[in-house]
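Only this structure's heavy atoms are used, side chains among them; waters, hydrogens and symmetry mates stay out.
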Amino acid sequence: MTGDTYNGPTPIQLGNQNIQTNYYQGRPRPRASWPHQVGVMPSRADCFQDRAEAARLRQVLAGRGTAAFGEAAHVLTGGVLAGLGGVGKTQLAAAYARTAWSAGEVDLLVWLTANTRSAAVDVYAQAAVEVLGVDAEDREKAAKAFLAWLEPKAEAAPCRWLVVLDDVQNLNDLTGLWPPPSSQGRTLATTRRRDAALTGQGRRRIDVGEFTSAEAAGYITAALAAHDRTEPASDVAGLAADLGRLPLALSQAAAYLIDAGQSCAAYRTMLTDRAALTLAELTPDVLPDGQEHTMAAAWSLSVEYADQLRPVGLARPMLQLAAFLDPNGIPRSVLTSPPAIAHLAAHRANTPTDDVPPLSPHDANGAVQALHRLSLLNAPDPASARGRPSGLVRVHQIVQRVTRDDLTPAQYGQTARAAADALISAWPQPERDTVLAQALRACSTALAACAEAPLHHPDAHPVLSRTGYSLGESGQVSAAVEYFRHLAATTRHHLGPDHPDTLVTRTDLARWQGAAGDAAGAAAATADLLHDIRGALGPDHTDTLATLSNLAHWRGEAGDAAGAASAAADLLGHVLRVLGPDHPHTLAARNNLAYRRGEAGDAAGAASTTAELLNHVVRILGRDHPHTLLTRSNLALWRGNSGDAAGAVAAYADLLTDQERVLGPEHPDTLTTRHNLAAWRGEAGDAAGAAAAYAELLTARERVLGPDHPDTLITRGNLAVWQEGLEERSGAADRTSRGS
């Protein structure tokens, strides 16, 4: 900001500046001499942290950059510190102004609070009084006169000025009140807004975020040390992370620790116990550093402004929905899903209920953007996501906590379940986008962490089990086991041991135990579950019969073929008595019993029994019914296992034609049949056909399931085996040819 031609303070010379002074009456006042300050600058915060944003600000206001895209040749003459309330924008601006003042780089410093037009006009008018030496009976005219004086004029003596507009809230309030671009002056604004109108005219926006981990820990340590307090470094770092490294939250938490004589560890415990204390109750009685707002009130005005932006009245319910999801990334597809739109419609503010057109995803996107413009969340430009549904919206965890704390118990539960509905609606099956799937699981985990009870009342929400299945289906089977073990405990706690949802969760746990390789453990867990289900629901309940079927399956997987066959026979007896011989479940039980007997060593008998069953199934259900297709798959298997590999190939090929027609070429069952057909081609002696089939299947599974899915990896391994066999045969043939 310094200029080579400046040679020290010079009394102001109005000269020929064309300032019209006929607005004012009375005797002229004495004019200010340099340096001069108008307005009250906030004092430096205790334990102030110098930050990277301060260096960026100094670079911008030193005029070392040029306007974006080269649209104008003028240098940058203004900076806009933009960010969430509480990130320290005002302190950064004050630090810059104080440093420039102390270094003699500024002749005139004007600090004004710009949260209303009248406040800005008052300070400008006062500057006109002090700098121009006039009475300001008409404050608007006086303010405009001061702004006109700031305009650069070739014949005027230079004056290096800095105008700071702190806390710009409504951009319309400042229409006509922005200082002009000038090589001798700089403008600095702080705001929570990110509107396009903030930049231009030589102004560059600087986004201000939270402290770094080191800055946050350093702040807490210094604040406590000033009162002869020390805390373990791990507790300090943990508290900083819990508060999202937000400067406002850190300063108020440090003051609370000092005033209440609490430790960091104790504060962290209270912070996580929403049932005991809200965030407002963890705020000191006297706010530090001259702050005017508690954490609980810091963003209320921003939400009000966001609610006034189009689409009107949707920002608050959107923020409430986002407050229950992962702060590090919410898929936009969740926030624009039908359940999310229904939530917005039900809680729309400041809008009459009659004759309101239905909301659309466009309105939901508008609500997200309104919150983004007020820095209440960070939403990437939808165009930057390139059409992918996994563009992630981020919201600070303390903003989330304050938003949740403001809800009544009824609102809390309703919003939590609305968020769960939105997750389920946006959760694709199968999961092709691994980034999206990970974000959905993270959102569900965050939701369960803050709303475990609402998600279990009146029953367990489906998103709870969907999260576990997503883990397992992505190949993280051990994580799925641990997830369902925890879910079984929480569901039992909230709903009781005999509630159907508790029993279903135990079924899921057993399933993923088996999938993780512990078939014996799955069988034992299912046997225990069968006892409890029989006691709770009776021996003939469908869930009891399903559990008996699962018991046969896991006993078979554990190598207990005889035990599996016994359970399958027991099941068939029950379903025959309860459902009759032609019920689909009875047919499935007969199919399973034949399968278990085949596993017990009687492959020929299994093939014969399955062939007989197939005629019965086709007559009752039709050739294209899923049970019919499954029976045909089992028949092909047992033909192959009984020694008829060619028969297995023919049966699988015939089945594949019908599955592609009925289910589609990318259905999981269709892909499984393609796998089996490739395997039996190899067993029948057609190694080249097996390798070719596996190669085609690998391409399909990579496209449908992704390159890292377990089924894709199995296919890739089988392809390698058959290709290696072909290479060995080719090498042997070459050696034989050379030997002859």
Heavy-atom count check: over 12 atoms from other residues, nucleotides or ligands less than 6.0 Å from [X] [atom1]?
{"X": "R466", "atom1": "CZ", "value": "yes"}
{"X": "E666", "atom1": "CD", "value": "yes"}
{"X": "H585", "atom1": "NE2", "value": "no"}
{"X": "R417", "atom1": "CZ", "value": "yes"}

For the pair [X] (side chain) and [Y] (backbone), establish whether a donor and an acceptor sit closer than 3.5 Å, ignoring hydrogens and angles.
{"X": "R681", "Y": "D686", "value": "no"}
{"X": "T505", "Y": "D501", "value": "yes"}
{"X": "D363", "Y": "S360", "value": "yes"}
{"X": "S337", "Y": "V334", "value": "yes"}
{"X": "T628", "Y": "G622", "value": "yes"}

Shortest non-hydrogen contact from [X] toward [Y]:
{"X": "Y694", "Y": "A679", "result": "OH-CB, 3.4 Å"}
{"X": "P454", "Y": "A416", "result": "CB-CB, 4.1 Å"}
{"X": "P707", "Y": "L713", "result": "O-CD2, 3.7 Å"}
{"X": "A367", "Y": "M318", "result": "CB-CB, 4.0 Å"}
{"X": "E473", "Y": "W512", "result": "N-CH2, 3.8 Å"}
{"X": "T631", "Y": "T610", "result": "O-CG2, 3.6 Å"}

Next on the checklist: Before you tell me yes or no, could you show the steps for D654 and R623 under salt bridge (Lys or Arg N to Asp or Glu O under 4.0 Å), namely the whole-Å CA-CA distance, both residues' side-chain angles and the distance that decides it to 0.1 Å?
Outcome noted: CA-CA 12 Å; D654 186 37; R623 183 175 177 84; 3.2 Å; yes
Next on the checklist: I'd like to know whether D658 forms a salt bridge (Lys or Arg N to Asp or Glu O under 4.0 Å) with R632, so could you lay out the CA-CA distance, the side-chain angles of the two residues, the decisive distance to 0.1 Å, and finally the verdict.
Outcome noted: CA-CA 11 Å; D658 288 340; R632 291 171 63 189; 2.7 Å; yes
Checklist entry - Which residue pairs pass the ring-ring contact (aromatic ring centres under 6.0 Å, His included) test when at least one of the two sits in residues 515-555, sequence neighbours left out? => result none
Item to check | Aromatic plane relationship, Y595 with W638 - under 30° parallel, 30 to 60° tilted, over 60° perpendicular | outcome: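 Aromatic pair W638/Y595 classed perpendicular.
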Next on the checklist: Please verify the inter-ring angle class for H343 with H347; under 30° counts as parallel, over 60° as perpendicular, anything in between as tilted.
Outcome noted: tilted
Would you say [Y] and [X] are linked by a side-chain donor-acceptor pair, where the criterion is simply a distance under 3.5 Å?
{"X": "E431", "Y": "S474", "value": "no"}
{"X": "N365", "Y": "R332", "value": "yes"}
{"X": "T673", "Y": "Q659", "value": "yes"}
{"X": "H499", "Y": "D459", "value": "no"}
{"X": "D508", "Y": "S465", "value": "no"}

Checklist entry - Could you walk me through whether H667 and E660 pass the side-chain hydrogen bond (donor to acceptor under 3.5 Å, both in side chains) check? => result CA-CA 8 Å; H667 189 277; E660 288 179 334; over 6 Å; no
Checklist entry - Is R534 salt-bridged to D570, going by a charged N under 4.0 Å from an acidic O? => result yes
Next on the checklist: Any carboxylate oxygen within less than 4.0 angstrom of a Lys/Arg side-chain nitrogen, looking at D326 and R441?
Outcome noted: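 No.
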Item to check | Close aromatic pair by centroid cut-off 6.0 Å: Y483 and Y469 | outcome: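 So the answer is no for these two rings.
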Checklist entry - In this structure, which one of V395, L423, L440, T445 forms a side-chain contact (heavy atoms from CB on, under 4.5 Å) with L325? => result L423
